[in-house]
Protein chains: 2
Amino acid sequence: MSQSAEQKWQRRKEERPAEIMEAALTLFSEKGFAATRLEDVAEAAGVSKATIYLYFDSKIDLLLANVQEIALSRFDEIETMLSLYDGKIADLPTLLLGRVSEIARTTKMPDLARVVMSEAHNFPEIADFYRDNVVKRGLGIIAGIIARGIESGEFRKCDPAATAQSVMFPIIMNVIGRKTFGEIPELDPMKFFPSHIDFVLRGLAADKEA
Amino acid sequence: MSQSAEQKWQRRKEERPAEIMEAALTLFSEKGFAATRLEDVAEAAGVSKATIYLYFDSKIDLLLANVQEIALSRFDEIETMLSLYDGKIADLPTLLLGRVSEIARTTKMPDLARVVMSEAHNFPEIADFYRDNVVKRGLGIIAGIIARGIESGEFRKCDPAATAQSVMFPIIMNVIGRKTFGEIPELDPMKFFPSHIDFVLRGLAADKEA
DNA sequence: GTCTATATAACGATAGAC
DNA sequence: GTCTATCGTTATATAGAC
């Protein structure tokens with residue numbers, strides 16, 4: 001950016017990792033993880049290949065660092081919020097899905113999810129990490145809320161782990177679908193998100209007393 | 001196989017296309033569409049590369065023929081069933097999701113969906129075909145049922161196209177998830193499918209009269 | 001002997017190596 | 001930056017069915 005012309009490089013220990021990660025995710029998303037060469041990442045980030053290895057162990061590590069940054073750090077935040085929450089459990093789905101919608105709109109989570117879902121089958125390390133830290137943990141958060149609501153009598157009795165999929169998967173699929181097939185009217189998020197929240201609240205609601 | 005040593009090939013016009021398609025899908029699923037060489041498909045199917053081109057226009061056509069065979073032909077069957085159906089609309093979701101579950105268990109639809117979702121981003125022809133003929137049409141079938149139920153008063157008023165995603169996407173994601181990450185207890189289909197049908201019926205149900 | 005399903009071999013674009 | 005190997009695709013030759 002602001003480096004003088006004769007200077008070949010600058011020491012920018014603080015900014016490098018983030019720049020490399022972002023360049024990597026952009027390329028992974030455009031061309032696929034397997035098809036992206038570390039050399040392209042280096043070029044896009046304005047560093048040499050060796051510099052990448054200074055901060056990351058491997059190409060896989062470079063992807064998983066993005067998972068940590070984009071997904072897991074937000075799980076931390078959400079879990080903190082949930083542990084402090086003391087309002088009605090019945091309001092949590094709306095609150096949580098609102099936050100998820102915001103993450104989908106404002107971060108690269110959709111691209112990241114698409115890349116991982118596309119290539120995890122061919123990279124066991126990616127599949128293992130994502131399964132344990134994103135799929136299981138993400139579903140676990142939703143299942144926990146459902147279980148709390150059942151206990152408090154605000155939600156009907158159901159299998160929390162199974163029902164968590166009914167709550168979460170449409171959102172993931174809508175988001176990945178738009179990345180894969182382009183924006184199409186059928187998947188319009190402005191219509192889908194409110195509709196889905198409605199659907200979820202009815203699907204979870206306790207039966208009214210007779 | 002059982003052909004004599006000196007015989008170089010046999011004339012089997014009828015069986016070839018199906019054998020080639022199946023070999024192709026198996027390899028696409030194992031190694032990915034882009035990574036699979038037509039030569040491997042030819043070998044697996046027991047023919048030469050050129051023979052593939054007798055029956056299919058291109059590698060992409062070979063995948064799309066599988067989409068036709070596995071997905072679209074079943075859409076035809078389902079649409080026929082729906083047009084003949086004259087029971088309660090409220091029973092259709094259970095009926096339909098049961099059929100979908102059966103297709104997921106007994107056909108290669110899950111592998112096919114995973115392959116397409118994984119690689120459509122890099123192959124516009126695949127994305128276009130699948131979007132128009134599977135995504136839009138599949139959601140349209142569900143949306144049609146929902147619209148019929150709203151009209152008959154059996155379902156609550158909602159946006160059919162948006163709600164169709166809440167109905168269908170969890171199933172697709174559950175199925176693709178198990179193919180991508182392996183069978184894990186959280187995604188157990190024996191628990192998920194019944195739970196999801198329950199969730200859907202409640203999500204669609206008309207409000208009870210006060 | 002004729003027709004055609006199938007194989008062999010060559011072409012050309014593209015991408016990866018040095 | 002050039003060279004080469006790879007792979008989708010196509011042209012030509014041949015073997016099997018009737």
Side-chain angles (χ1 to χ4, degrees), chain A residues 8 20 23-53 56-63 114-115 118-119 121-123 126 180, chain B residues 1-70 108 111-112 114-130:
Chain A
K8 285 221 183 68
I20 294 168
L25 183 53
T26 300
L27 288 170
F28 293 162
S29 175
E30 278 172 14
K31 319 179 10 172
F33 176 76
T36 297
R37 291 168 311 176
L38 238 24
E39 193 172 338
D40 300 333
V41 176
E43 188 187 343
V47 301
S48 74
K49 256 200 289 191
T51 302
I52 296 179
Y53 279 96
F56 304 95
D57 293 339
S58 64
K59 191 166 132 180
I60 286 179
D61 186 42
L62 198 42
L63 179 64
R114 211 204 82 243
V115 169
S118 290
E119 317 226 20
H121 188 258
N122 305 105
F123 296 90
I126 296 174
T180 303
Chain B
M1 309 297 178
S2 63
Q3 73 190 54
S4 67
E6 66 263 31
Q7 194 159 359
K8 289 216 182 69
W9 51 271
Q10 278 192 343
R11 215 178 165 108
R12 293 179 42 247
K13 188 176 157 65
E14 305 304 324
E15 296 86 349
R16 294 289 192 216
E19 291 171 1
I20 293 168
M21 279 170 59
E22 190 180 341
L25 183 54
T26 300
L27 289 169
F28 292 162
S29 175
E30 278 172 14
K31 317 176 17 172
F33 176 77
T36 297
R37 292 170 308 164
L38 240 24
E39 196 171 338
D40 298 335
V41 176
E43 189 187 344
V47 299
S48 76
K49 264 198 292 184
T51 299
I52 297 177
Y53 280 90
L54 273 192
Y55 299 104
F56 304 95
D57 292 340
S58 66
K59 191 176 166 185
I60 287 178
D61 185 43
L62 196 43
L63 179 63
L64 299 187
N66 270 294
V67 174
Q68 169 62 51
E69 167 87 5
I70 294 175
K108 290 202 162 189
D111 299 277
L112 181 60
R114 211 204 81 243
V115 169
V116 170
M117 290 299 300
S118 290
E119 318 228 20
H121 188 258
N122 304 106
F123 296 91
E125 291 178 67
I126 296 174
D128 290 348
F129 186 86
Y130 200 83

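Just so you know, these numbers come straight off a predicted model, no measurement behind them. A note on names: the letters A, B, ... follow the listed sequences, proteins ahead of strands, and every chain is numbered from 1. Reckoned from all heavy atoms, side chains included, excluding hydrogens, waters and symmetry mates.
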Could you list all the side-chain hydrogen bond (donor to acceptor under 3.5 Å, both in side chains) pairs where at least one residue sits in residues 52-70 of chain B, not counting sequence neighbours?
-> none
Distance test, side-chain N/O of B/Tyr53 to OP1/OP2 of D/dT10, below 4.0 Å | no
Return the set of residues passing side chain to side chain contact (heavy atoms under 4.5 Å, CB included) with B/Ala18 (not counting sequence neighbours), or none when no residue passes.
-> none
Write down the protein N/O and nucleotide N/O pairs, taken from nucleotides 6-13 of chain C, whose separation is under 3.5 Å; answer none if there are no such pairs.
| unit_1 | atom_1 | unit_2 | atom_2 | d |
| --- | --- | --- | --- | --- |
| C/dT6 | OP1 | B/Gln10 | O | 3.3 |
| C/dT6 | OP1 | B/Arg12 | N | 2.6 |
| C/dT6 | OP1 | B/Arg16 | NE | 2.9 |
| C/dT6 | OP2 | B/Tyr55 | OH | 2.4 |
| C/dA7 | OP2 | B/Ser48 | N | 2.7 |
| C/dA7 | OP2 | B/Ser48 | OG | 3.0 |
| C/dA7 | OP2 | B/Thr51 | OG1 | 2.4 |

Among all residues two or more places apart in sequence or in another chain, which pass the side-chain hydrogen bond (donor to acceptor under 3.5 Å, both in side chains) test with B/Arg114?
-> A/His121
Is the side chain of A/Ser29 donor-acceptor paired with the backbone N or O of A/Leu25 at a distance under 3.5 Å, no angle test?
-> no
Spacing between B/Lys31 atom NZ and D/dC7 atom C1', to the nearest angstrom | 12 Å
So which of B/Leu112, B/Val115, B/Asp111 actually passes side chain to side chain contact (heavy atoms under 4.5 Å, CB included) with B/Phe28?
-> B/Val115
Interatomic distance, B/Asp57 CG vs D/dT9 P [rounded to whole Å] | 10 Å
Using atom CG of B/Leu38 as one end and atom P of D/dG8 as the other, report the distance to the nearest whole Å.
-> 5 Å
Between B/Glu39 (CD) and D/dT9 (P), how many Å, whole number?
-> 14 Å
When rounded to whole Å, the CG to C1' distance for the pair B/Leu62 and D/dT9 reads 14 Å
Among pairs that include at least one residue of residues 28-41 of chain A, which meet salt bridge (charged side-chain N to carboxylate O under 4.0 Å, His left out), considering only residues two or more places apart or in two chains?
-> A/Lys31-A/Asp40, A/Arg37-A/Asp40
Do A/Ser48 and A/Thr51 have side-chain atoms, one donor and one acceptor, less than 3.5 Å apart?
-> yes
Over 12 non-hydrogen atoms of neighbours within 6.0 angstrom of CD in B/Glu22 | no
Pull out every protein N or O sitting under 3.5 Å from an N or O of nucleotides 14-18 of chain C, one pair per line with the distance.
none

